[in-house]
Amino acid sequence: MRRSRAAVGSSVFMALVPGTVAGVVPWWVTGWQAGDWWLPVRLLGGVVLLAGAAVLVHAFTRFVVEGLGTPAPIAPTEHLVVGGLYRHVRNPMYVAVTAATVGQALLLGRPILLAYGLLAAMVMWAFARWHEEPRLRRTFGAEYETYRRAVPGWWPRLRPWQARPTDHRHVGTASTTRPARPPREQQDAGPDELMK
């Protein structure tokens, strides 16, 4: 996929999915009407919200520049994204969306957003665990397993993961490129049909 198409696709996906989870739903729940909370807590919430937004933009940029694709399952990356913040945590987008939601809860003084943030985080965890991880294993094989073992999924490691030359983690090499898809008829074929 060309970078320009990846940028457009990622931007649309970011507006629709994280924009809904971390923006539209909190607005719908609270009207962004602030409660009466202690000012330092509200300031902390603003910092957490801004940090979450910055991490989200960075993570989406990595998908475009390094992965040559989008986070959307219908337009996945051509390369495994392991640079930038992905060297610290495997799911920075989900962590960022959760942080943005918690930040709004603190900034607005609305505990209901803490409950919503917890629920959203559980849904994101389930999606990552039961959809994304198996897909990444199928697509990138041992390369993803090496990365998965070295980098935590949800709690960032302090020191960035350094790929060893034996890990073959250089973007653009055959080991980071998604294998070509089989012809459409083979994708739809059952095991017996493939043996013919």
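What you see is a predicted model, and the numbers here were worked out from it, not measured in a lab.
Between Arg137 and Glu145 a salt bridge is recorded (basic side-chain N to carboxylate O distance below 4.0 Å). Of the charged side-chain nitrogens involved, none lies within less than 4.0 Å of a carboxylate oxygen, so that Arg135 and Glu132 do not count as a salt-bridged pair.
Taking the side chain as every heavy atom from C-beta outward, Phe63 and Met93 approach each other to under 4.5 Å. In this structure, the side chains of Val55 and Val95 stay at 4.5 Å or more apart for every pair of heavy atoms. Using a 4.5 Å heavy-atom threshold, the side chains of Tyr116 and Val25 count as touching. Between Met124 and Val97, the closest side-chain pair of non-hydrogen atoms falls below 4.5 Å. Within the 4.5 Å cutoff, side-chain heavy atoms of Val48 are placed close to those of Leu44. Using a 4.5 Å heavy-atom cutoff, the side chains of Leu113 and Val102 are not in contact. No side-chain heavy atom of Met14 sits less than 4.5 Å from a side-chain heavy atom of Pro71.
The two residues Ala22 and Pro26 have their closest heavy-atom pair at O-CG, 3.6 Å. Closest approach of Pro18 to Leu56, counting heavy atoms only: CB-CD2, 3.7 Å. Contact between Pro134 and Ala128 at its shortest, heavy atoms only, is CD-O, 4.5 Å. Across all non-hydrogen atoms, the minimal contact from Leu68 to His79 is CD1-NE2, 3.6 Å.
Within a 6.0 Å sphere centred on CZ of Arg2, other residues, nucleotides and ligands contribute 12 heavy atoms or fewer. Counting heavy atoms of neighbouring residues, nucleotides and ligands inside a 6.0 Å radius, atom CG of Leu114 exceeds 12 of them.
Under 3.5 Å, the side chains of Gln104 and Trp32 contain a donor-acceptor pair of N or O atoms.
Residue pairs meeting the salt bridge (charged side-chain N to carboxylate O under 4.0 Å, His left out) criterion with at least one partner in residues 114-123, sequence neighbours excluded, do not occur; the list is empty. Sorted by first and then second residue, the salt bridge (charged side-chain N to carboxylate O under 4.0 Å, His left out) pairs involving residues 96-125 (not counting sequence neighbours) form an empty list.
For the salt bridge (charged side-chain N to carboxylate O under 4.0 Å, His left out) criterion with Glu133, the lone passing option out of Arg148, Arg90, Arg138 is Arg90. Screening Trp154, Trp125, Trp155 for a ring-ring contact (aromatic ring centres under 6.0 Å, His included) with Tyr94, the sole residue that qualifies is Trp154.
Hydrophobic clustering keeps Leu49 apart from Leu106 (ILVMFWY residues linked when any side-chain heavy atoms are closer than 4.5 Å, directly or through intermediates).
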Name the atoms and distances for all side-chain donor-acceptor pairs under 3.5 Å in residues 81-88, with sequence neighbours left out.
from, atom 1, to, atom 2, distance (Å)
Arg87, NE, Trp161, O, 3.1
His88, ND1, Arg157, O, 2.9

